[in-house]
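Sequence positions, counted from 1, serve as the residue numbers for this chain.
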Amino acid sequence: MSTIPPRRPRAEELHKARWRKSSYSGGANDCVEIADLGVYAAVRDSKDLGRSPVILGRSALDDLLGHCTDGEARVG
């Protein structure tokens with residue numbers, strides 16, 4: 001028995017999303033914000049709110065954050 005996952009939300013539908021910043025931001029607008037969307041999560045740049053957020057499955061976001069906190073994520 002399979003279940004159909006909920007439809008992935010579109011960026012323009014996120015105007016009512018509850019965004020939160022990392023406590024490490026110190027209140028400045030220089031970090032990313034995350035909105036919990038159930039089985040999905042949205043990530044956006046707090047300096048550029050006009051840019052569309054990235055929408056990820058929760059498991060993908062958990063994997064990404066796990067790599068970042070383990071020091072595995074490297075740019076370049």
Side-chain angles (χ1 to χ4, degrees):
M1 176 186 220
S2 66
T3 59
I4 298 172
R7 181 182 61 81
R8 183 177 179 266
R10 294 183 182 94
E12 61 271 10
E13 298 172 335
L14 299 179
H15 59 279
K16 292 184 180 180
R18 185 173 159 200
W19 295 93
R20 60 188 176 99
K21 288 185 193 178
S22 167
S23 58
Y24 291 104
S25 71
N29 259 359
D30 57 355
C31 65
V32 296
E33 297 176 313
I34 296 179
D36 183 355
L37 306 172
V39 297
Y40 296 100
V43 181
R44 70 181 181 184
D45 182 348
S46 63
K47 294 180 301 222
D48 190 0
L49 299 180
R51 178 175 276 174
S52 294
V54 175
I55 300 172
L56 303 166
R58 287 300 302 261
S59 60
L61 179 63
D62 290 344
D63 288 346
L64 174 63
L65 294 176
H67 288 293
C68 290
T69 57
D70 290 343
E72 296 177 28
R74 300 199 193 328
V75 177

Pairwise distance CZ(R44) to NZ(K21) - rounded to 0.5 angstrom: 9.0 Å
Validation row: S46, W19 side chains within 4.5 angstrom (heavy atoms): no
V32 with L56, same ILVMFWY side-chain cluster at under 4.5 Å: yes
Test item: P9 and L37 side chains (from C-beta on) under 4.5 Å apart, heavy atoms: yes
Neighbour count above 12 (heavy atom, 6.0 Å) for R7 CZ: yes
Results of side chain to side chain donor-acceptor pair (under 3.5 Å) for R8 - residues two or more places apart only: none
Cluster check I34, Y40: I/L/V/M/F/W/Y, side chain < 4.5 angstrom: no
Side chain to side chain contact (heavy atoms under 4.5 Å, CB included) evaluation trace for V43 with L64: CA-CA 12 Å; V43 181; L64 174 63; over 6 Å; no
Heavy-atom pair of closest approach, residues G38 and R58: O-CG, 3.0 Å
Linked, directly or transitively: V39 and L61 (ILVMFWY side chains, under 4.5 Å): no
R51 CZ to L49 CG distance, which is reported to the nearest 0.5 Å: 11.5 Å
